[in-house]
Protein chains: 2
Amino acid sequence: MKDVARKSGLSIATISKYINGGNVLEENRVVIDKAIKELGFEVNEIARGLKTNKTMTIGLLIPSLENIFFTSIVSNIESILIKNGYSTIICDYKEDKSLEKQKLDFLVKKMVDGIITMPMGCDLEVINSVINRNIPVVLIDRALKGVECDTVLVDNLNASYNAVEQLIILGHKRIGIICGPEDIYTAQERLKGYERVHEDYDMTIESELIKKGDYQVESGYRLLLELIEMEEPPTAVLVTNYEMTLGAVMAINESDIKVPDDISIIGFDNLQLAKVVKPPLSIVIQPVKQIGEVAANMILRRLKGDNSNFPSMIRLKTELMLKDSIKKVEN
Amino acid sequence: MKDVARKSGLSIATISKYINGGNVLEENRVVIDKAIKELGFEVNEIARGLKTNKTMTIGLLIPSLENIFFTSIVSNIESILIKNGYSTIICDYKEDKSLEKQKLDFLVKKMVDGIITMPMGCDLEVINSVINRNIPVVLIDRALKGVECDTVLVDNLNASYNAVEQLIILGHKRIGIICGPEDIYTAQERLKGYERVHEDYDMTIESELIKKGDYQVESGYRLLLELIEMEEPPTAVLVTNYEMTLGAVMAINESDIKVPDDISIIGFDNLQLAKVVKPPLSIVIQPVKQIGEVAANMILRRLKGDNSNFPSMIRLKTELMLKDSIKKVEN
DNA sequence: TTGTAGGCGTTATCAA
DNA sequence: TTGATAACGCCTACAA
């Protein structure tokens with residue numbers, strides 16, 4: 001900038017002002033533009049950050065970088081933020097609570113202007129300490145009780161409710177579910193949906209039809225086998241995330257069981273998977289793109305100082321795509 | 001820091017020196033430590049960066065955040081770098097060459113201390129301009145001719161060579177391959193391995209057995225179907241990345257074809273997938289973890305000013321895991 | 001060992 | 001509209 005000032009015969013202050021959208025005489029504008037171009041000048045964001053106390057950087061924290069559902073969301077968020085001049089520091093905490101805390105501290109230390117995170121749980125203190133520093137935080141996918149901040153969720157409860165309801169409508173009486181870990185928010189909600197629809201239709205829940213997995217491929221595989229090997233196996237199953245759906249499909253493929261004749265199945269998340277499987281898989285589709293959009297725009301709003309209806313909790317609807325993997329039950 | 005100075009009755013310079021490992025009197029050390037602790041002082045990396053011209057940030061650029069192979073590598077790199085005090089700015093370019101250039105510029109503008117990238121190709125200029133600014137660059141997964149910089153590769157050629165060789169040893173004469181896009185470095189190499197082993201074993205290559213996919217699930221699915229629907233189908237197939245392997249497995253599952261009786265198959269990349277499939281899938285395993293480690297350590301070395309054997313090209317070996325998905329051909 | 005002073009590249013205030 | 005000047009928080013000669 002000093003060079004630009006010298007070359008254009010103006011002061012540093014004037015250059016700075018012009019760069020930040022201030023007015024200069026038309027003739028000066030021309031000179032400055034010329035100098036900037038010839039010198040290839042670009043503002044030093046570091047120095048600017050020192051002065052403005054803004055880094056134009058948003059921290060993104062997810063449970064794992066090795067899960068496509070998470071990284072897809074991150075990808076969308078990043079696209080939007082970068083268009084608005086923000087860069088991102090993306091971290092994962094490898095599904096480890098203590099690492100989650102560390103990474104959060106790390107982001108704070110990096111002076112990020114805001115944080116979007118998928119929390120694993122419990123540690124309200126850490127998140128609250130971030131919020132108390134006046135750093136805008138947006139929670140996605142998982143809510144946290146006892147924390148006052150904006151949250152973008154998927155309506156997990158109704159997602160599984162609707163899926164199971166469809167099965168019920170088709171006449172299924174014994175419906176299995178492969179759940180995620182009990183301490184994960186989304187897993188709790190999805191199970192709740194399963195339970196509630198049973199209540200609403202006045203059906204008793206057989207606890208042996210509820211299988212608790214860990215959101216990983218193997219558990220989907222193993223638990224689906226467990227279900228079909230039961231004395232009285234379910235006639236339909238809901239698998240509640242992508243990885244486990246993948247495992248479940250594999251399990252079915254290698255058994256003698258036919259979908260949907262022997263068992264109806266509804267999976268989760270991955271449209272691509274659903275298309276490649278035969279028969280095409282019915283799935284619950286989460287609005288991955290929308291989650292990212294809403295979260296990114298939310299934090300952009302807060303960053304601009306717009307604190308209207310804070311804290312806001314947005315619940316996005318899932319879509320239920322029904323294909324040939326489910327079928328009416330024959331009596 | 002000013003506060004720490006005041007509280008401890010010493011000068012800012014002394015505090016700074018102490019923080020950066022300088023010597024102070026034992027009694028002062030105690031006072032300073034106490035002040036730091038009580039004030040919860042942490043150095044402002046931004047301000048420090050302004051002075052030192054270092055941001056302690058490494059840029060990571062990958063083709064897509066929605067591909068688990070890429071993000072796994074990134075995850076490993078990030079773990080190592082963060083342990084060494086570096087943070088990362090992770091970007092993807094959504095497999096788009098013009099975006100790749102933009103993101104690279106973006107990282108430079110963010111004053112990253114170094115860049116690790118998986119280049120898509122062609123644009124030597126951009127990368128060279130980065131290198132010319134004396135920013136250490138490490139290329140991973142894909143090499144770039146005409147660029148002088150450290151590169152961490154997988155020995156793709158021998159990966160497919162060895163896989164196909166095993167099939168040949170088992171007596172297969174007609175071996176199909178499902179390749180990736182022609183303009184992707186790894187795809188070229190993997191095809192070369194296929195071709196070379198044919199030459200070495202004096203086998204002619206039937207061009208109709210070479211299917212060009214796009215590294216996406218659908219193409220694996222479609223092309224495998226094409227292969228088995230040929231008049232004279234291959235007795236074995238090599239599928240050259242994870243996504244396409246997934247597709248291929250799905251295709252096989254829904255056809256009447258039995259593995260390995262009707263066709264032998266070797267896939268790529270995903271150990272988990274291989275385990276879940278029945279019969280267990282033979283696969284080429286890329287050293288995902290190692291790639292990240294080597295790349296991270298490489299750039300850390302350069303960052304320390306160690307320029308020994310620059311530019312170095314490291315080629316990591318893949319592992320061939322043979323399972324029941326391949327079988328001796330019966331004559 | 002400690003402190004003074006200048007500077008890193010910006011922005012912001014206040015006169016001119 | 002422009003410019004001199006101080007300040008952001010830190011580092012680094014150099015002097016004490």
Side-chain angles (χ1 to χ4, degrees), chain A residues 1-36 38-57 85-87 108-113 133-135 303 305, chain B residues 1-36 38-57 85-87 108-113 133-135 303 305:
Chain A
M1 191 139 103
K2 202 157 55 173
D3 296 333
V4 177
R6 194 174 305 142
K7 190 166 186 114
S8 59
L10 294 162
S11 77
I12 294 184
T14 306
I15 310 295
S16 170
K17 213 173 311 171
Y18 172 59
I19 286 174
N20 292 294
N23 281 328
V24 293
L25 292 182
E26 176 61 18
E27 51 180 284
N28 286 338
R29 223 209 65 207
V30 179
V31 184
I32 298 177
D33 278 341
K34 186 157 167 284
I36 287 179
E38 287 179 12
L39 267 47
F41 168 80
E42 285 181 11
V43 284
N44 181 330
E45 308 264 7
I46 306 293
R48 176 181 277 173
L50 180 59
K51 191 67 192 175
T52 60
N53 246 322
K54 300 218 169 324
T55 54
M56 295 304 282
T57 301
Y86 284 91
S87 66
V108 172
K109 190 164 178 198
K110 278 291 170 184
M111 319 263 279
V112 292
D113 295 342
R133 286 177 193 235
N134 272 314
I135 301 175
L303 256 13
Chain B
M1 191 139 103
K2 203 159 52 176
D3 296 333
V4 177
R6 193 174 306 141
K7 191 167 188 109
S8 59
L10 294 164
S11 77
I12 293 184
T14 306
I15 310 295
S16 169
K17 214 173 310 170
Y18 172 60
I19 286 175
N20 292 295
N23 283 327
V24 293
L25 291 182
E26 177 58 18
E27 52 178 282
N28 286 336
R29 223 210 65 205
V30 178
V31 183
I32 299 177
D33 278 340
K34 184 157 169 285
I36 287 180
E38 288 179 13
L39 267 48
F41 169 81
E42 286 181 10
V43 283
N44 181 330
E45 308 263 9
I46 307 291
R48 176 182 276 174
L50 181 58
K51 189 67 191 180
T52 60
N53 247 321
K54 301 219 170 320
T55 53
M56 295 303 283
T57 301
Y86 284 91
S87 66
V108 171
K109 192 164 176 199
K110 277 291 170 184
M111 318 263 278
V112 293
D113 295 342
R133 286 177 193 236
N134 272 315
I135 300 175
L303 254 14

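Letters A, B, ... are given to chains in the order of the sequence lines, protein chains preceding strands, and every chain is numbered from 1. Computation of the quantities below employed the complete heavy-atom set of this structure, encompassing side-chain atoms and omitting hydrogens, waters and symmetry-equivalent molecules.
At a threshold of 4.5 Å between non-hydrogen side-chain atoms, the residues A:Asp3 and A:Arg6 count as touching. Looking at heavy atoms from C-beta onward, B:Asn20 lies in side-chain contact with B:Arg48 at the 4.5 angstrom threshold. By the 4.5 Å heavy-atom criterion applied to side chains, B:Tyr86 and B:Leu303 are counted as neighbours. Side-chain contact between B:Lys109 and A:Glu45 is present, with heavy atoms from C-beta onward closer than 4.5 Å.
Side-chain nitrogen and oxygen atoms of A:Ser16 include at least one within less than 4.0 Å of the OP1 or OP2 phosphate oxygen of C:dT11. Checking the phosphate oxygens (OP1, OP2) of D:dC10, no side-chain nitrogen or oxygen of B:Asn44 falls inside 4.0 Å.
When the P atom of D:dA7 is taken as reference, atom CG of A:Asn53 falls 16 Å away, rounded to whole Å. Taking atom NZ on A:Lys54 and atom P on D:dC8, their separation rounds to 16 Å, with Å as the unit. A:Lys2 places its NZ atom 17 Å from the P atom of D:dG3, with the value rounded to the nearest Å. Summarising the geometry, the separation between CD1 on B:Ile12 and P on D:dC10 is reported as 8 Å, rounded to the nearest angstrom. Distance B:Asp3 CG to D:dC8 C1': 14 Å, rounded to the nearest Å. For the pair A:Met56 CE and C:dT10 P, the computed distance is 16 Å after rounding to whole Å. Here D:dC11 presents its P atom at 7 Å from CD1 of B:Ile19, a figure rounded to the nearest Å. The distance between atom CG of B:Leu10 and atom C1' of D:dC11, rounded to the nearest whole Å, is 17 Å.
The residue B:Asn20 sits close only to the backbone: its heavy atoms come under 4.0 Å of sugar-phosphate atoms, none of a base. As judged by a 4.0 angstrom heavy-atom cut-off over every strand, B:Glu26 is placed among residues making no nucleic acid contact. No contact: B:Tyr18 has no heavy atom under 4.0 Å from any strand. Nucleic acid contact for A:Ile46: none, since no nucleic acid atom lies under 4.0 Å from a heavy atom of the residue.
Residues B:Gly85 and B:Met56 approach most closely at O-CE, 3.8 Å, considering heavy atoms.
Closest contact between the side chain of B:Lys17 and the listed nucleotides C:dG3, D:dC8, C:dT11 involves C:dG3. The listed nucleotides are C:dT10, D:dC10, C:dG9; the one nearest the side chain of B:Met1 is D:dC10. Closest to the side chain of B:Leu50, from the set D:dT2, D:dT5, C:dC8, is C:dC8. Comparing C:dG9, D:dC10, C:dG3 against the side chain of B:Arg48 picks out D:dC10 as the nearest. Side-chain proximity of A:Lys51 to the nucleotides C:dT10, C:dG3, C:dT1 is greatest for C:dT10. Counting only heavy atoms from C-beta on, B:Ala47 has its side chain closest to D:dG9 among C:dT4, D:dG9, C:dA12. Closest to the A:Thr14 side chain, of the nucleotides C:dC8, C:dT10, D:dT2, is D:dT2.
Taking for each of A:Leu25 and B:Glu45 the nucleotide of DNA chain D with the nearest heavy atom, the 5'-most of the two is the partner of A:Leu25.
Although no hydrogens or angles enter the test, the distance criterion places no donor-acceptor pair under 3.5 Å between the side chain of B:Ser8 and the main chain of B:Val31.
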